[in-house]
Amino acid sequence: MTQSLEREATATAAASGANATDTFKKKGWAGGAVDPARVDEVAGAAIKALHEVIREKQVTYAEYDALKSWLINVGEDGEWPLFLDVWVEHVVEEVANADREGSKGTIEGPYYVPGSPQLGSEGTLPMREGEPGTQLDFSGQVRAVDGTPLAGATVDLWHADDLGFYSQFAPEIPEWNLRGTFTTDAEGRFMIHTVQPAPYQIPTDGSCGKLIAAAGWHAWRPAHLHLKVSAAGHQLITTQLYFDGGDYIETDIADAVKPELILAPTAKADGSGNEVVYDFVLDPA
């Protein structure tokens, strides 16, 4: 296990970025589905805003050429999903979910993979023997905004391991490690057994890392669980749950933390780890 973790820690931004790019391409997004008038409106406004930044900050040709070189490198490194998900997605999510009455959402991030193992209403996420990290029991209920329990709701959970790496995006990790899909019982309840993730750095050996270093920023995200929760006749919610008192809660590089999404785990009575309860409320479709 130790040798496996050592090899896992050799994951590179380029390899992770390439995997994230391939995963996004598999979503099958089609540019032709976008209204040209909307492209004109949004792209025009974005370009105009960039023009204003250039004027306000008096950008030089040397800085402009550095920008062009960096933009080319982002593409070559396959890091566009990482860049957009870290620095842009949280605002898109804020706009998209502004009218929700139910649970708060936040960013999906670049490491979601559909089709994880089905584990029923209670189960343990796939993990390696001796998986590092504090054991965590995560339970809750999925309800409609009127309080009705939602039986058969889907709770799709994925998270990084104790080194901050995701399965399918770093070497030496089994395909579905720490990924699973749960289906709520007749009362809308679920129970998930996993390990508590640690804070982690986004990849820094590629183009995004160069930006972070040049700007003097840190590259850390607080420890978190990723979830997609859905039920028939209701809107899917994509969210992340964080841990009270954890590092980088206040300075998340992705700016995705919301007060409503912070968990407060307590020690289990038998001393085997932590437990936490969090309920999801879904808006009607």
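These values consider heavy atoms only, across backbone and side chains, with no hydrogens, waters or symmetry-generated copies.
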Centroid separation under 6.0 Å, is that true for the rings of His226 and Tyr166?
yes
Can you find a heavy atom in the side chain of Ser116 that is under 4.5 Å from one in the side chain of Asp156?
yes
Residues at least two apart in sequence or cross-chain that pass side chain to side chain contact (heavy atoms under 4.5 Å, CB included) with Ser167, listed by chain then number, are Ile173, Asn177, Arg179
In terms of the angle between their ring planes, are His224 and Tyr242 parallel, tilted or perpendicular, with boundaries placed at 30° and 60°?
tilted
Please list, chain by chain and in numerical order, all residues satisfying side chain to side chain contact (heavy atoms under 4.5 Å, CB included) with Glu101, sequence neighbours excluded.
Val145, Asp283
Check this for me: Asp99, atom CG, are more than 12 non-hydrogen atoms of other residues, nucleotides or ligands nearer than 6.0 Å?
no
Per the salt bridge (charged side-chain N to carboxylate O under 4.0 Å, His left out) rule, what does the pair list look like for residues 249-275, sequence neighbours excluded?
Glu93-Lys258, Asp137-Lys268, Arg221-Asp252
Under 6.0 Å between ring centres, would you say that holds for Phe169 and Tyr111?
yes
Set of residues satisfying side chain to side chain contact (heavy atoms under 4.5 Å, CB included) with respect to Glu76, sequence neighbours excluded
Ile72, Asn73
Pairs involving residues 224-246, ordered by first then second residue, that meet salt bridge (charged side-chain N to carboxylate O under 4.0 Å, His left out) (sequence neighbours left out)
Glu108-Lys228
Can you say whether the rings of Trp220 and Tyr248 are parallel (under 30°), tilted (30 to 60°) or perpendicular (over 60°)?
parallel
For Thr154, check side chain to side chain contact (heavy atoms under 4.5 Å, CB included) against everything at least two apart and list the hits.
Thr181, Ser230
Name the residue from Phe182, Tyr278, Phe190 that meets the ring-ring contact (aromatic ring centres under 6.0 Å, His included) definition with Phe138.
Phe190
